[in-house]
Amino acid sequence: MNVSIVIAHEEHYKFAEEICETINASAVQRGTGIARRTPEYVMKKMENRDAVVATVNGKFAGFCYIESWSHGKFVANSGLIVHPDYRALGLAKKIKEKVFKYSQEKYPGAKIFGITTGLAVMKINSDLGYKPVPFSELTDDPSFWNGCRGCSNFDILERKEYKMCLCTGMLHDPAKKKTEEKYTFNKKVLLRLKNIKLALFLKKEKV
C-alpha cells in the first residue's frame with residue numbers, strides 16, 4: 001500500500017467535501033458526538049498549512065488538522081479521521097504522529113491538547129505523552145468551546161459550564177514532560193469512566 005502523509009495544501013482542496021462526509025458518517029455510525037466542520041473550514045486549514053492529509057495511490061485515506069489559541073500557547077490536533085477503506089491498518093496512529101510532530105515544530109513550546117470520546121484516540125494520545133486532565137487545564141478561549149457547537153453533546157457541555165462532558169480531556173505539556181512519569185493507558189478504567197459519565201448525564205436528563 002503506497003501511503004503518503006503530508007502537510008495539506010491547495011492541491012488537496014478536492015478532498016475537503018469527502019473529509020467532512022467521512023467525519024460525519026463516522027460520528028453517526030459510532031453514535032459519538034463530534035463537532036461538524038464544513039468543506040470551507042477544511043480548505044482554510046489547508047490554505048494555512050494547518051492540516052495533515054494521508055493518501056493512498058492518490059485517493060483520500062485520512063486527515064487531521066491543527067487549531068491554536070492564546071497566540072500559539074495552546075494547540076489542538078482535531079478532526080482525526082481515516083477513510084473506512086483504510087481502517088485497522090495503523091494509519092490513524094501514523095497521521096497522529098505526523099501532526100503531533102508538525103505541531104511541535106510550528107508551535108514550539110505549546111501545550112498540545114485534545115478532547116475525545118474515542119478510546120483508540122486516547123490510546124494514541126497516551127503513547128505520544130498526553131495525560132488525562134480536567135477541562136480547567138485546557139484553554140479557556142471561548143472560540144475553542146464554540147467549536148463544539150456542532151457536536152450532538154454540546155448541550156451537556158453547556159449545562160456543565162464547560163467543565164465536563166462525555167469527552168475526556170488530554171494534555172501534552174512539554175514543560176512537564178521531563179519531570180513527570182509517563183501516563184499508563186488503561187482502557188478498562190477509561191471505558192468505565194466514560195460509561196459512568198454517560199449514565200450520570202442521561203439520568204439527569206430524564207429527571
Any chance you could lay out the side chain to side chain donor-acceptor pair (under 3.5 Å) test for K96 and N125, step after step, and finish with the verdict?
CA-CA 8 Å; K96 189 74 174 183; N125 285 347; 3.3 Å; yes

Do the ring planes of F15 and H12 sit parallel (below 30°), tilted (30 to 60°) or perpendicular (above 60°)?
parallel

So, does S26 use its side chain to make a donor-acceptor pair with the main chain of T22 at under 3.5 Å?
no

Test side-chain contact (heavy atoms from CB on, under 4.5 Å) applied to K131 and L171, step by step
CA-CA 5 Å; K131 293 185 177 183; L171 176 72; 6.0 Å; no

Taking side chain as C-beta onward, heavy atoms only, is V121 less than 4.5 Å from M170?
no

So does K94 pair up with E97, basic N to acidic O under 4.0 Å?
no

Could you please spell out the steps behind the side-chain contact (heavy atoms from CB on, under 4.5 Å) verdict for I5 and I95?
CA-CA 7 Å; I5 305 176; I95 294 172; 4.3 Å; yes

Once rounded to the nearest 0.5 Å, what's the spacing between atom CD1 of I124 and atom NZ of K93?
7.5 Å

One should read off an interatomic distance between L166 CG and I115 CD1, to the nearest 0.5 angstrom, of 10.5 Å

All heavy atoms of P39 vs all of C20, minimum pair found to be N-SG, 3.4 Å

How long is the span from the NZ atom in K59 to the OG atom in S4, to the nearest 0.5 Å?
15.5 Å

For a quick test of reading the model, state the closest non-hydrogen atom pair linking A110 to P174 and the distance between them.
O-CD, 3.3 Å

Do Y65 and V99 come close enough that some side-chain heavy atom pair is under 4.5 Å?
no

Rounding to 0.5 Å, atoms NZ (K98) and CG (L91) come to a distance of 13.0 Å

So do the side chains of Y13 and M46 get within less than 4.5 Å of each other, counting heavy atoms only?
yes

Extract all donor-acceptor atom pairs below 3.5 Å that involve side chains of residues 79-86 and protein atoms in other chains or at least two apart in sequence.
from, atom 1, to, atom 2, distance (Å)
H83, ND1, D85, N, 3.0

Looking at F135 versus F144, is the centre-to-centre ring distance below 6.0 Å?
no

Please list, chain by chain and in numerical order, all residues satisfying side chain to side chain donor-acceptor pair (under 3.5 Å) with D140, sequence neighbours excluded.
none

Using the salt bridge (Lys or Arg N to Asp or Glu O under 4.0 Å) criterion, which residues pair with E10? Sequence neighbours excluded.
R49

Are the side chains of V52 and I7 in contact, using a 4.5 Å heavy-atom criterion?
yes

Do V42 and K45 touch side chain to side chain, with heavy atoms closer than 4.5 Å?
no

One pair to check against salt bridge (Lys or Arg N to Asp or Glu O under 4.0 Å): D50 and K106. What are the steps and the verdict?
CA-CA 9 Å; D50 275 333; K106 187 168 185 177; 2.7 Å; yes

A quick test of your reading: do over 12 heavy atoms of other residues, nucleotides or ligands sit less than 6.0 Å from CD of E47?
yes

About how many Å separate CG of N77 and SG of C64, when rounded to the nearest 0.5 Å?
5.0 Å

Note: A16 and M43 closest approach over all heavy atoms is CB-CG, 3.6 Å

Taking side chain as C-beta onward, heavy atoms only, is Q104 less than 4.5 Å from H172?
yes

Which pair of non-hydrogen atoms, one from R149 and one from Y162, has the smallest distance, and what is that distance?
NH2-OH, 4.4 Å

If you take the centroid of each ring, where Trp contributes its six-membered ring, are Y107 and Y102 closer together than 6.0 Å?
no

Contacts of type salt bridge (Lys or Arg N to Asp or Glu O under 4.0 Å), residue E137, not counting sequence neighbours
none

Which residues share a salt bridge (Lys or Arg N to Asp or Glu O under 4.0 Å) with K163, sequence neighbours left out
E161

Identify each donor-acceptor pair in which a side-chain atom of residues 66-75 lies under 3.5 Å from a protein atom, sequence neighbours left out, and give them as a table.
from, atom 1, to, atom 2, distance (Å)
E67, OE2, Y41, OH, 2.4
W69, NE1, S143, OG, 3.0

So, do V6 and V53 sit near enough that their side-chain heavy atoms are less than 4.5 Å apart?
yes

dist T55:OG1 -> F63:CZ (nearest 0.5 Å) comes out at 13.0 Å

Do L128 and F100 come close enough that some side-chain heavy atom pair is under 4.5 Å?
yes

With side-chain contact (heavy atoms from CB on, under 4.5 Å) as the criterion, how do F113 and T139 come out once you've worked through the C-alpha distance, each side chain's angles and the decisive distance to 0.1 Å?
CA-CA 9 Å; F113 71 97; T139 179; 3.4 Å; yes

S126 side chain to M122 main-chain N or O, any donor-acceptor pair under 3.5 Å?
no

